[in-house]
Amino acid sequence: MQPKQRILNAPVYQPGKPIEDVKREYGLTEVIKLASNENPYGCSPKAKEAIVAQLDNLAIYPDGASLQLRWDLSEFLGVKPEQLIFGNGSDENLLMIARAFLSEGTNTVMAKPTFSQYRSNAIIEGAELIEVPLKEGVHDLEAMAAAVNEQTRVVWVCNPNNPSGTIVTTAELEAFLKKVPKEVLVVLDEAYYEYVVDPEYPQTVPMLADYPNLIILRTFSKIYGLATMRVGYGIASEEIVSALEHVREPFNTGTLGQAAARAALHDQEFVVSCREKNRAGMKQLTDRFDEWGLQYYPSQTNFVLVNLNQDSNEVFKKLLSHGIIVRSGSALGHPGYQRITIGTAEQNEKLLRALEEIVKGA
């Protein structure tokens, strides 16, 4: 059997190392996972209640149109229900965009390094990749706009960017959008939207009125703490959503996920609390990094990319022996760095104790 040759060139996504793997491999009973940018505070209690309330309905197919969640979210965002598309996490929305708009003979523009799935999906669809290096860890939007040509169909802007955690500002984004042709789709991936506190960060939903070639992607996996429920969504013009509906799989979001997302959406106090704890945790880490003289990118997410000036994979292994899972920068296009999810105060302190031993022992 011969698969399409080009799919063999698409890297297989490597998630953070599982906790049980580390326990078994290192003979540990306690392991902290700070690798996958999950919410250490879990999800809203209201979301848990909503899941339990649906347990008698497991034999029934979910609502394929996510109607109740669609209505709640459209009211929350101030957009029409027809402007929303739902996916099995944001990952599926990325896949749908690539499937709908990219093909052989087209190209797509993205930053480098950025979230790996933009690249993988483009390769699978046979599109040419145009990758523009980050500028001091930030999207170089001027260079990205200049890279757009007649064959460009999609431009990806991860804001905040993963893995650097940096943002492009309102002024920078608006200047960029004015340069991009209206027939080119601009994807604004805002998976970490709810964590941002910088006032210069763009509020993009109102921009849809002026730029109908935009689609904004967000998720319930990050600050809402529902990663296992797999509910992501896109906000765009009705025309773009209609195109994506043609490639969306039926029943792609489950009943439990839809119910949990609705309940989580209505508990914004939980969101605010998590954002505040996250900023305190970020300061807890970066204050120590400053003390040690380490370089890191200013992050508006729930993770920080820090340069430990050592081999990334070796540091990763050393931290595993301490029962701490982070993400090696070598796998993310940042050799020498570690991407570290912000944990609870206790988890952060355990990480810092292990890092101090590594940094001062280097």
Side-chain angles (χ1 to χ4, degrees), residues 4-11 13 82-134 139-159 161-162 168 172-191 202 204-205 207-218 232-249 252:
K4 295 176 183 176
Q5 189 60 39
R6 65 174 179 255
I7 74 167
L8 302 180
N9 297 324
Y13 183 77
E82 296 79 14
Q83 289 182 261
L84 296 170
I85 182 83
F86 293 92
N88 189 254
S90 279
D91 295 323
E92 191 189 21
N93 285 318
L94 300 176
L95 184 152
M96 287 191 285
I97 290 167
R99 179 174 289 180
F101 291 95
L102 297 178
S103 61
E104 293 184 58
T106 69
N107 69 53
T108 182
V109 177
M110 65 194 72
K112 182 180 182 180
T114 191
F115 187 49
S116 62
Q117 292 306 97
Y118 313 149
R119 192 176 197 277
S120 296
N121 285 319
I123 291 172
I124 290 168
E125 299 302 330
E128 178 193 358
L129 302 174
I130 299 177
E131 297 177 291
V132 178
L134 298 175
H139 280 61
D140 187 347
L141 292 184
E142 188 172 342
M144 289 176 69
V148 172
N149 59 39
E150 291 182 359
Q151 284 71 49
T152 305
R153 298 294 179 269
V154 181
V155 180
W156 310 86
V157 179
C158 189
N159 196 34
N161 187 47
N162 182 9
V168 296
E172 291 166 341
L173 181 60
E174 287 183 336
F176 168 75
L177 292 175
K178 289 175 182 177
K179 296 176 183 176
V180 176
K182 297 298 183 185
E183 62 271 17
V184 174
L185 179 68
V186 176
V187 181
L188 301 177
D189 187 348
E190 298 181 347
T204 50
V205 172
M207 293 183 182
L208 292 170
D210 295 321
Y211 301 99
N213 57 329
L214 290 185
I215 181 167
I216 303 158
L217 302 184
R218 295 180 186 169
Y233 61 96
I235 319 158
S237 68
E238 294 177 52
E239 180 182 3
I240 291 173
V241 168
S242 177
L244 295 177
E245 287 287 359
H246 285 280
V247 297
R248 182 178 65 82
E249 294 294 328
N252 63 332

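Here the structure is a predicted model, which is why all the values come from computation and not from measurement.
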Would you check if [X] and [Y] make a side-chain contact, meaning some heavy-atom pair closer than 4.5 Å?
| X | Y | answer |
| --- | --- | --- |
| R218 | V205 | yes |
| N159 | L188 | no |
| V157 | Y118 | no |
| P113 | L134 | yes |
| T204 | L173 | yes |
| E174 | M207 | yes |
| L94 | W156 | yes |
| E249 | N88 | no |

Could you tell me the separation between the [atom1] atom of [X] and the [atom2] atom of [Y], rounded to the nearest 0.5 Å?
| X | Y | atom1 | atom2 | answer |
| --- | --- | --- | --- | --- |
| H139 | C158 | NE2 | SG | 6.0 Å |
| I97 | I215 | CD1 | CD1 | 4.0 Å |
| N252 | I85 | CG | CD1 | 7.5 Å |
| R248 | M96 | CZ | CE | 7.0 Å |
| R153 | L102 | CZ | CG | 9.0 Å |
| L177 | E172 | CG | CD | 12.0 Å |

To check you understand the geometry: which heavy-atom pair defines the closest contact between [X] and [Y], and what is its length?
| X | Y | value |
| --- | --- | --- |
| V247 | A100 | CG2-CB, 4.2 Å |
| L214 | L185 | C-CD1, 4.4 Å |
| P212 | S237 | O-OG, 3.7 Å |
| N93 | G232 | ND2-C, 3.4 Å |
| E131 | P133 | O-CD, 3.8 Å |

Can you establish whether the number of heavy atoms outside [X] located under 6.0 Å from its atom [atom1] is more than 12?
| X | atom1 | result |
| --- | --- | --- |
| E239 | CD | no |
| K178 | NZ | no |
| E245 | CD | yes |
| E183 | CD | yes |

*asked:* For F101 and V184: C-alpha separation, side-chain torsions, deciding distance, then whether side-chain contact (heavy atoms from CB on, under 4.5 Å) applies.
replied: CA-CA 10 Å; F101 291 95; V184 174; over 6 Å; no
*Q83 side chain to A236 main-chain N or O, any donor-acceptor pair under 3.5 Å?*
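A pair under 3.5 Å: yes.
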*Derivation of the side-chain contact (heavy atoms from CB on, under 4.5 Å) call for V155 and F176*: CA-CA 11 Å; V155 180; F176 168 75; 3.7 Å; yes
*asked:* If you apply the rule side-chain contact (heavy atoms from CB on, under 4.5 Å), what do you find for I235 with L84, and how did you get there?
replied: CA-CA 5 Å; I235 319 158; L84 296 170; 3.9 Å; yes
*Can T108 and L129 be said to form a side-chain contact (heavy atoms from CB on, under 4.5 Å), step by step?*
CA-CA 5 Å; T108 182; L129 302 174; 4.1 Å; yes
